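Report on the structure given below.
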Number of protein chains: 2
Amino acid sequence: MSQENIKGILKTHQLRITDCRMDVMQFFLDEKSALSQSDLENQLTKYDRVTLYRTLNSFLDSGILHRIPNETGTATYGMCHDTCTPDHHEHNHVHFKCNKCGQIECLEEKVAHQVSVPFGYKVDGINMIVDGICPKCA
Amino acid sequence: MSQENIKGILKTHQLRITDCRMDVMQFFLDEKSALSQSDLENQLTKYDRVTLYRTLNSFLDSGILHRIPNETGTATYGMCHDTCTPDHHEHNHVHFKCNKCGQIECLEEKVAHQVSVPFGYKVDGINMIVDGICPKCA
DNA sequence: TTAATAAATGCAATTTAGTTGCATAAACTA
DNA sequence: TAGTTTATGCAACTAAATTGCATTTATTAA
């Protein structure tokens, strides 16, 4: 994706265009997998640690990124598609976690299943995490 | 579940029987939902904070507890059933997260679906997190 | 029952993850 | 171009988790 497109995304979400934000978004687009703050910190060394946290939170608040559930106890983020808004994240895709390299990807596959829950439980959404081996590790 | 049963579980998993471990396991059995270290710390005030972390990690390592994926960035744990071993957790049940009270429960419902992934991806397991409103909050 | 052994615990300290405050710099608009 | 607001860097802080060490405790063999 070009720099102009990235600028467009920032504009669309009412965010100022800064070098840090451009680089963070570019990194997410290049990696195509879930990233944590420490991933950013290791890669984008010219930016302050706190700034990277703030950038992640800005993107989260504005609907550019979503948090991806994981078991590790630290937060991971993935790129949203066009369906998210600042106050309501709408995600219906499958997350794939590779058991070998640990990377988590947002797949294009939708969660199209209905799930049965016991009586009394109301279902609002489903989040599916598939684990296995990715093509790179197979 | 009786104290004797709890002792049996500890023995089965080659863990020593201590007051702390008995109380931690009893709490998980009473609550029937995902718990974090801070939940334990607030409730089981006679034990040292570090001991509670260690107890959770002992139970995790030995297959008594499993980590439950969530988005918050802190670790939550749930009781395993008999299918887990120390080196391999095997979970095929649905997690239900209430959007109102925040509790996460392991439901009895199995993830019985097959999911399609792109070519090249090998599926080992599926973890499904359903969010909605639980019977207590409905 | 006792002694030895290894694991569990408590306390202090440290590391890791995340947030807040403030001054300054930078983006944006009129 | 000037004013305004937002983003950034630095320092400090809080929250979550881990490590080190000495002591205590559970367990087992004799």
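Naming: A, B, ... by sequence-line order, numbering from 1 per chain. Because the structure is a prediction, the values reported are computed rather than measured.
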**Item:** Close side-chain approach of B:I126 to A:M128, heavy-atom, < 4.5 Å
**Value:** yes
**Message:** I'd like to know if the side chain of A:T76 reaches the main chain of A:I68, judged simply by a donor and an acceptor atom lying under 3.5 Å from each other, with no hydrogens or angles considered.
**Reply:** yes
**Item:** 5' priority, DNA chain D, between A:V50 and B:R49 [closest heavy atom]
**Value:** A:V50
**Request:** Name the residue closer to the 5' end of DNA chain C, choosing between A:S38 and A:R54 according to the nucleotide with the nearest heavy atom.
**Result:** A:S38
What protein N or O atoms touch nucleotides 24-28 of chain C N or O atoms at under 3.5 angstrom, if any, and at what distances?
{"from": "C:dA27", "atom 1": "N3", "to": "A:R16", "atom 2": "NH1", "distance (Å)": "2.9"}
{"from": "C:dC28", "atom 1": "OP1", "to": "A:I17", "atom 2": "N", "distance (Å)": "3.1"}

**Message:** What is the first contacted nucleotide of DNA chain D and what is the last, in 5' to 3' order, if contact means an atom lying under 4.0 angstrom from a heavy atom of chain B?
**Reply:** D:dA16 to D:dT27
**Prompt:** How close or far is atom P of C:dA17 from atom CG of A:L56, stated in whole angstroms?
**Reply:** 13 Å
**Message:** Looking at B:Y47, is its backbone amide N or carbonyl O close enough to the side chain of B:T51 to form a donor-acceptor pair, meaning the two atoms are under 3.5 Å apart?
**Reply:** no
**Rounded interatomic separation in angstrom, taking CG from B:D23 and P from C:dT9** = 10 Å
**Message:** Between B:T55 and A:T74, which residue's closest nucleotide on DNA chain C lies nearer the 5′ terminus?
**Reply:** B:T55
**Asked** Taking atom P of C:dG18 as reference, at what distance in whole Å does atom CD of B:E71 sit?
**Response** 14 Å
**Asked** So, A:R67 side chain and A:Y77 main chain: donor-acceptor pair closer than 3.5 Å or not?
**Response** no
**Prompt:** Measuring from A:I17:CD1 to A:M25:CE, what's the distance to the nearest 0.5 Å?
**Reply:** 9.5 Å
**Prompt:** Has A:Y53 got a side-chain N or O lying under 4.0 Å from the OP1 or OP2 atom of C:dG18?
**Reply:** yes
**Prompt:** Could you state the CG-C1' distance from A:N57 to C:dT19, rounded to the nearest angstrom?
**Reply:** 9 Å
**Fill in**
OH of B:Y121 to CG of A:L107, rounded to nearest 0.5 Å, is 5.5 Å
**Asked** To the nearest angstrom, how far is A:D48 atom CG from C:dC22 atom P?
**Response** 18 Å
**Prompt:** Within the structure shown, what part of the strands sits under 4.0 Å from A:R21 by heavy-atom distance: base, sugar-phosphate, or nothing?
**Reply:** sugar-phosphate
**Request:** Give a yes or no on whether a salt bridge exists between A:K136 and A:E105, defined as a side-chain N under 4.0 angstrom from a carboxylate O.
**Result:** no
**Prompt:** salt bridge (charged side-chain N to carboxylate O under 4.0 Å, His left out): which pairs involve residues 21-42 of chain A, sequence neighbours left out?
**Reply:** none
**Message:** Do B:C137 and B:N99 make a side-chain contact, defined as non-hydrogen atoms from C-beta onward lying under 4.5 Å apart?
**Reply:** no
